[in-house]
Amino acid sequence: MSEQTATEGKTYPPDPELSKTANVRPEMKDQDLREFWDEQAKARLDWFQDYDEVLDWNLPYAKWFVGGKLNACYNCVDRHVEGGKGDKVALHVVPDEGPDSPEARDITFSDLQREVVKMANGLKELGVGKGVPVGIYMQMIPEAVVAMLACARLGAPHTVVFGGFSGKAVAERCNDLECKVLITQDEAMRGGKSGAQKTNADEGLDAGPTTVEKVVVVKRSGADIPMGDRDIYLDDLTANVSDDPESCPCEPMDSEDLLFLLYTSGSTGKPKGVVHTTAGYLLGVATTHNLVFDVKDDSVYWCAADIGWITGHSYITYGPLANGCTSVLYEGVPGYPDKDVWWKIVEKYGVTILYTSPTAIKSHMKWGEQHAQGHDLSSIRILGSVGEPINPDVWEWYREHVGGGKAPIMDTWWQTETGHILITPLPGITHLKPGMAQQPFPGVRPEIRDDEGNQLGVEQTGNLVLTQPWPGMMRTLYNDDERFRDTYWSKYSDAYFAGDGAKYDADGDIQLMGRIDDVVNVSGHRLSTFEVESALVEHADVAEAAVAARKDDDTGQAIVAFVSLRGDKQGTEELEQALREQVAQSIGKLARPATVIFASDLPKTRSGKIMRRLLKNLAEGEELGDTSTLVDPTVVEEMQKQMNS
Ligand code: PRX
């Protein structure tokens, strides 16, 4: 394994063959912003009505393709069928039991169209139509993709809640968007186990008033689950509806109409409903998918993310399907039924493009390269990484053992808010550097600034900002435009503030340095310290809680919770377990603290403010620095003892 680091200057020049045939062309970098996206919009999307204007700049409220009309589902499904690609496989569906399972099946674009039309007709019977929001709480099964597309077909905005989140999270998000209908599945099937899904949703919805009037249940495990008056099985809902596309035409939507909301964690307050609209988002994801992954007609693409995150929205559903690309849709987890299941999938379907997270690659690395070596992975042409910085040694392993020592790795930086990839190497153009996202996508203008707004020089870490609009940019935060401006557009009046630290190297390549706010990134999943703290204090024994992150070899970051207890309550192992369970119940298992530290109080200044810097240092095992402003410095000593024990 190489000990190389990005700063040691190792680069991998592009393969000349790839440079000749790549979809992306070097001159795109220099193209005028409007001209570039206008060309892409004409080449990649079908419009029901042409737009009058490519871009209305007016930041932070830029609008794209003003006056145009289109439908995302039409672009992802119908037009491919109409264009003669109906028999092409849209999804290779790989169930939890892996590609050898009899449940593995292929869904063509024609099949997909029929499924989407049926579900959309069913939803219509429940009153869903243009502008009627729908919640989706599902695992990685094809009906999740079908549900998103059915909503898009009807012009109904969707909000997908990650299947691993709690019922409470589902209810909160559905109520915020005022969803009338929630689509879920009976049970989750992951890693050989079935787990509650629909009953989780019930728990959340029943805990208080809800806007959800109907719950549509997809049968996955077929378990006998409780069904109430509110509930209906999808099979029953669609038993007598037509699957003829003419029975359910695609709703013409304005370019700037809401396509979906996706809630994401901020540094404070409740989750933020990130607003994505139709034309700009769809074009952004289709273009980046095509150019960054060099998608060809015969590509077999696999994005091993989850539909519940933005990566699943942009690069499982909307981008690949808009491009008429064949994808793998995988229900399972890495390592089940066998540690080589991923490589079996690559071999069986001849995957040419694999897009995943550093955390997943690290698991494979830990299990050893023999699993990958036991399979023919020679189909792979391009690799992708997303969600967190990738360590150079992980990058090298990925290239060597998955990419056959030659496949280029696209380390893609972007966010829920940006909608699509913004900083990334480009295939056939970029001289790759392990562990760096490197270069802006055409039309993207990053800068690295200090807190006063000055641009920083080589190797100086500062705040990453973007000065030009891009089509998939978030339009606002749902029902909270003030928070939108405060969070993203107030630090600098003229630029989008991403919340990430970054620096330039001497060649002008960008290296991402992680979040600069209280957002924690566990296995590429975004959580806020505030949300976890709120969950902890819901426990009756907890007086106060503060959360910080520490580095973790497996998950990137891990959560450390500092907790002070009420009265004479003692910090026992049972209580620690109870607190972890409390967080799982309130948010989801992935938010459970890795470490819980009990103390008589939290470190506070005389004005009563918790000294978060100190907690960060404690969590990371760093020098504590000046503690003289604390009311009671012994609190920190107590904590430090526990951290070291
Ligand atoms: O800190 C950056 C990190 O993930 C954050 C965005 O998280 P989320 O909205 O959940 O979207 C994840 C999938 C796009 C960013 O602010 N991040 C994402 N990609 C990278 C990254 N950090 C370093 N390198 C990346 N390639």
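Side-chain atoms are counted along with the backbone in the values below, which use heavy atoms only and exclude waters and symmetry mates. Whatever order the structure lists ligands and atoms in, that order sets their numbers, starting from 1. One-based numbering along the sequence shown.
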D15/K406 under salt bridge (Lys or Arg N to Asp or Glu O under 4.0 Å): CA gap, chis, key distance, verdict:
CA-CA 8 Å; D15 170 0; K406 60 180 193 322; over 6 Å; no
Carefully, step by step, assess K433 and D505 under the rule salt bridge (Lys or Arg N to Asp or Glu O under 4.0 Å).
CA-CA 11 Å; K433 294 181 184 168; D505 73 3; 2.6 Å; yes
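- Inclusion of D500 in the set of residues having an N or O under 3.5 Å from an N or O of ligand 1 is warranted.
- Residue contacts with ligand 1 for H525 are absent, since no atom lies close enough (heavy atoms, distance under 4.0 Å).
- Looking at ligand 1, you won't find any N or O of T264 less than 3.5 Å from one of its N or O atoms.
- With E533 contributing its side chain and V547 its backbone, the two residues share a donor-acceptor pair below 3.5 Å.
- Ion pair D294/R381 flagged as a salt bridge, since at least one NZ, NE, NH1 or NH2 atom sits closer than 4.0 Å to an Asp/Glu carboxylate oxygen.
- Looking at ligand 1, you won't find any N or O of S385 less than 3.5 Å from one of its N or O atoms.
- The closest non-hydrogen atom to atom 3 (C) of ligand 1, taken over P358, G387, G501, A502, comes from G387.
- Ranking the protein heavy atoms by distance from atom 7 (O) of ligand 1 puts R526 CD, 3.4 Å first.
- Regarding atom 23 (C) of ligand 1, its nearest protein heavy-atom neighbour is P389 N, 3.2 Å.
- Ring geometry for Y318 versus H158: interplanar angle under 30°, hence parallel rather than tilted (30 to 60°).
- With ligand atoms numbered from 1 in the order given, ligand 1 contributes 13 (C), 14 (C) to contacts under 4.0 Å with heavy atoms of V386.
- For N323 (side chain) and C325 (main-chain N/O), no donor-acceptor pair under 3.5 Å exists by modelled atom type.
- For the 3.5 Å distance criterion, the side chains of Y281 and S314 qualify, holding a donor opposite an acceptor.
- Not close to ligand 1: G499, with no non-hydrogen atom less than 4.0 angstrom away.
- With a heavy-atom cut-off of 4.0 Å, N521 touches ligand 1 through its side chain alone.
- For atom 13 (C) of ligand 1, the closest non-hydrogen atom of the protein is T311 OG1, 3.4 Å.
- Residue-ligand proximity: W414 is placed with a non-hydrogen atom under 4.0 Å from ligand 1.
- Under a 4.0 Å N-O distance rule, the pair D554/K362 does not qualify as a salt bridge.
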